[in-house]
Amino acid sequence: MADLDRLKARAAEIAERETKILLDRTPGSKALHERALKSLPAGVASNFQAGDPYPVYLKRGSGSNVWDVDGTEYTDFHGGFGVNVVGHAHPKIVEAIRKVADQGIHFAVTTETTVALAEEICSRFQLEQMRFVNSGTEATMDAIRVARAATGRDKIIKMEGSYHGHHDSVLFSVVPEADVLGLRHGVEHDKAWYTTEPTSKGVPKALWETVIVTPFNDATAVEEAFQDNPGEIAAVILEPVMMNIGLVVPKPGYLQALRDACEKHGAVLIYDEVKCGGTIAYGGTTERYGVRPHLAAYAKAVGGGATIGAFGGEARYMEWVTKGAAQQGTFNGNPLSAAAGLAALTQVLTKDAYDHLGKLGTLLAEGCKRAMDDNDIPGHTMDLGAKGCVSYRSEPLTNYRDFLETEPEFFYASFSWMINRGLFMTPGDEEQWTISVQHSEDDVQKYIDAFQGFCQELAG
Ligand SMILES: Cc1ncc(COP(=O)(O)O)c(C=O)c1O
């Protein structure tokens, strides 16, 4: 394996050189950023859209391509953070939205399209009942509220390094820096769970007490947390495949063990399928791994690009929304999102579509792995349907602490390298590619060729 320090030095050189090229060729983004800074903190609509020193601002998208405000064309692998599995301006989605635009985009009254989408989501993801919201954040927030209402308990267990949106209950230990990573706590030390670290200022201190943090892929830690907090834990919430640190898949038996622990201790197992739901299989995690949660949260891809969120599961829990657990929202199930979502799920993201996504994803992952191997770059690839990643660590990751052993310098270098070669990418190392039904083998080959060039350059 090539010497790591030498590779890191090469990565820093590449990042510096390519960032300069990027800045030189994006004057339109620079100008829009300067304008946006006056009305939007950091010049963006969400902290996740910020870039250093400014992000590349987009103007339009079509098929598998996007164009920035300077008119440069890219093949899109960013995918709107896992939303655009249908690609851009898909004719079926455009047609559905056009129809709604003519007929009324909002009533705050449930429409037939909304009911049809609810039926589709329930049947596809094997839910007895569901409710709509408008984002992934709201979906996990409401699922947790329902779990707390149903159990009469306050505490939840979440996994270290996982993101479930930006509501107060879950903004703990999302990306703890290595130097604040807690030791294990619990009745007996060096068993059970980790220190809970707040991720945001402004989260009430009182909530720290309600969140227990365990490592992903460690069912024993969850069982021990249950034993040390008898009758206090309402729910275990997790992304069944962790998708904000590359891709970390559940070990065989892990999801079933969590379900069994929840059943045994009277708690609710909540899958956060905001990213997994519409991407890893036609029927999401339940289809892919065969273990059903009690409740699950959805968003992103299930709206076909329109704003959406949903949560659902067993009727014995969902009925709590009519028994005192607040669940409402002016835009919930609005006709625009419902029409786009229904067209996406019934006409575009069909079973065949997942065969296409799986084939392309594996082609891409294999090509990237070959490029790393050919050039002695330490790393592995992972792909599940529309989602996939390169992780700069030879062995697959099992949890967040493994992620801290990857090499972020390689990402900073690869991001600017790839975007300068016409591949639109997410800026960070947390999430990487999302491919769409409109991507082709040629699109994937373009990515592989650029990545091969990057690995050669890195290896020197
Ligand atoms: C796993 C997961 N859950 C929840 C959310 C929050 O979704 P939203 O940004 O729609 O609020 C995200 C967003 O990236 C996510 O990745």
Side-chain angles (χ1 to χ4, degrees), residues 44-50 78-85 121 125 131-145 147 156-175 199-200 203 211 213 216 235-250 255 269-280 284-285 288-289 293 295-313 329 331-334 337 340-341 344 384-389 399-400 403 425-434:
V44 288
S46 152
N47 282 347
F48 286 155
Q49 296 171 12
H78 179 303
F81 286 139
V83 168
N84 292 323
V85 184
I121 288 175
F125 297 119
R131 271 282 177 93
F132 287 106
V133 288
N134 302 288
S135 66
T137 294
E138 288 178 68
T140 65
M141 179 178 80
D142 283 7
I144 290 170
R145 177 169 306 132
I156 59 168
I157 295 176
K158 81 175 278 291
M159 305 305 141
E160 188 173 60
S162 64
Y163 179 65
H164 300 297
H166 62 283
H167 60 94
D168 288 350
S169 286
V170 290
L171 274 178
F172 294 98
S173 300
V174 175
V175 277
T199 295
S200 170
V203 173
V211 181
V213 174
F216 188 72
V236 174
I237 183 165
L238 82 161
E239 247 197 311
V241 178
M242 283 186 80
M243 287 204 181
N244 64 329
I245 54 172
L247 290 193
V248 186
V249 297
L255 297 176
L269 178 63
I270 303 173
Y271 284 170
D272 176 348
E273 295 235 47
V274 167
K275 271 188 192 154
C276 300
T279 58
I280 67 172
T285 300
R288 185 124 206 169
Y289 293 103
L295 291 175
Y298 300 86
K300 297 205 185 235
V302 299
T307 312
I308 206 160
F311 74 103
F331 286 107
N332 289 5
N334 68 81
S337 300
L384 288 174
K387 303 287 294 181
C389 70
N399 59 34
Y400 178 73
F403 172 68
M425 312 278 296
T426 53
D429 55 352
E430 316 89 14
E431 173 170 357
Q432 293 172 51
W433 69 72
T434 301

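All ligand and atom numbering here is 1-based and tracks the order in the structure.
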Practice task
Report yes if some N/O of Glu239 lies less than 3.5 Å from some N/O of ligand 1; otherwise report no.
Solution key: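 Such a contact does not occur with ligand 1.
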
Exercise for the section: Indicate yes or no: does an N/O atom of Thr137 lie under 3.5 Å from an N/O atom of ligand 1? Expected result: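 Yes, there is a polar N/O contact under 3.5 Å.
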
Handout entry: Residue part near ligand 1, for Tyr163, under 4.0 Å between non-hydrogen atoms
Key =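 Both parts.
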
Handout entry: Region of Asp272 engaging ligand 1 - heavy atom pairs below 4.0 Å
Key =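 Side chain only.
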
Just which atoms of ligand 1 are under 4.0 Å from any heavy atom in [X]?
X	result
Val274	2 (C), 3 (N), 4 (C), 5 (C), 7 (O), 12 (C), 15 (C)
His164	3 (N), 4 (C)
Ser135	10 (O), 11 (O)

Handout entry: Heavy-atom side-chain proximity of Glu431 to Lys387 below 4.5 angstrom
Key =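 Result yes, sub-4.5 Å side-chain heavy-atom pair found.
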
Practice task
State, yes or no, whether a side-chain contact exists between Tyr289 and Val241 at a heavy-atom distance under 4.5 Å.
Solution key: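 With C-beta onward as the side chain, the pair touches.
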
Practice task
Determine the interplanar angle of the Tyr298 and Phe125 rings, folded into 0 to 90°, and report it as parallel if under 30°, tilted if 30 to 60°, perpendicular if over 60°.
Solution key: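 Taking Phe125 first and then Tyr298, their aromatic rings lie parallel (interplane angle under 30°).
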
Exercise for the section: List the steps, then state whether side-chain hydrogen bond (donor to acceptor under 3.5 Å, both in side chains) holds for Thr137 with His166. Expected result: CA-CA 6 Å; Thr137 294; His166 62 283; 3.1 Å; yes

Problem - Side-chain donor-acceptor contact under 3.5 Å, Thr285 with Glu273 - result: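 Yes.
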
Problem - Contact check, Asn244 vs ligand 1, heavy-atom distance below 4.0 Å - result: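 Asn244 does not count as a contact of ligand 1 under the 4.0 Å cut-off.
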
Problem - Proximity flag Lys300 to ligand 1, non-hydrogen atoms under 4.0 Å - result: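 Yes, Lys300 has heavy atoms under 4.0 Å from ligand 1.
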
Practice task
Taking all non-hydrogen atoms of both residues into account, name the closest pair between Phe216 and Asn399 and its distance.
Solution key: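 So the two residues come closest at O-CB, 3.6 Å.
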
Practice task
Check Phe403 against Asp429 and note the closest heavy-atom contact, atom names and distance.
Solution key: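 Closest pair (atom of Phe403, atom of Asp429, distance): CZ-OD2, 3.7 Å.
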
Practice task
Do me a favour and list the nearest non-hydrogen protein atom to atom 16 (O) of ligand 1 with residue, atom name and distance?
Solution key: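 Going atom by atom, the protein heavy atom closest to atom 16 (O) of ligand 1 ends up being Lys275 CE, 3.2 Å.
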
Practice task
Between Gly303, Gly165, Gly136, flag the one that comes closest to atom 7 (O) of ligand 1 by a heavy atom.
Solution key: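 Of the listed residues, Gly136 has the closest heavy atom.
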
Exercise for the section: For Ser337 and Ala306, indicate whether the former's side chain and the latter's backbone hold a donor-acceptor pair under 3.5 Å. Expected result: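 Not at all, since once roles are kept as given, no pair shorter than 3.5 Å links the two residues.
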
